[in-house]
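This report concerns only the one structure given below.
Since the model is a prediction, treat every value here as computed from it, not as a measurement.
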Amino acid sequence: TDRRLFFRGTREYEIGLEELSSVTIESHALMMNTKRGYALSVSFPHESGKKWEDYIRRAVQNFYGKKRIAEYHPRITFH
């Protein structure tokens, strides 16, 4: 779906795009925080964390449509 992120590994996670408050990378890990105060780190040991950060940023931007995002970390903020 274009409104939720799904991650499957040792555990499964589902996050609504509207719930994200920040997105960034650290090495091969994608770091996300939610508006409810939850933090999630997803590791991509054999892939580029930047690739997935870019993918999620595009998904978030598409979700918000015409609202231009100014930054994604430390908080998603708009112009």
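No more than 12 heavy atoms of other residues, nucleotides or ligands sit less than 6.0 Å from atom OH of Tyr55. In the displayed structure, Phe7 atom CZ is contacted under 6.0 Å by more than 12 heavy atoms of other residues, nucleotides or ligands.
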Return a table of donor-acceptor pairs under 3.5 angstrom between the side chains of residues 13-24 and protein atoms on other chains or two or more places apart.
from  : atom 1 : to    : atom 2 : distance (Å)
Glu14 : OE2    : Arg4  : NE     : 2.5
Glu19 : OE2    : Gly16 : N      : 3.3
Ser21 : OG     : Asn33 : O      : 3.2
Ser21 : OG     : Thr34 : O      : 3.4
Ser21 : OG     : Arg75 : NH1    : 3.0
Ser22 : OG     : Asn33 : ND2    : 2.9

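Taken together through direct or relayed side-chain contacts under 4.5 Å among Ile, Leu, Val, Met, Phe, Trp and Tyr, Tyr38 and Ile56 form parts of separate hydrophobic clusters.
The minimum heavy-atom distance between Gln61 and Ile69, with the atom names listed, is OE1-N, 3.4 Å.
Residue pairs meeting the salt bridge (charged side-chain N to carboxylate O under 4.0 Å, His left out) criterion with at least one partner in residues 27-47, sequence neighbours excluded, are Glu47-Lys51. Note on residues 61-73: no pairs pass salt bridge (charged side-chain N to carboxylate O under 4.0 Å, His left out), not counting sequence neighbours.
In this structure a side-chain-to-backbone donor-acceptor pair under 3.5 Å is present from Tyr72 to Arg57.
Looking at Met32 and Val42, their side chains come closer than 4.5 Å, going by heavy atoms from C-beta outward.
In this structure Glu26 satisfies the side chain to side chain contact (heavy atoms under 4.5 Å, CB included) test together with Met31, sequence neighbours excluded. Residues passing the side-chain hydrogen bond (donor to acceptor under 3.5 Å, both in side chains) test with Arg8 are Glu12, sequence neighbours excluded. Checked against side chain to side chain contact (heavy atoms under 4.5 Å, CB included), Asp54 has the following partners two or more places apart in sequence or in another chain: Lys50, Arg58.
Rounded to the nearest 0.5 angstrom, Trp52 CH2 and Leu5 CG are separated by 10.0 Å.
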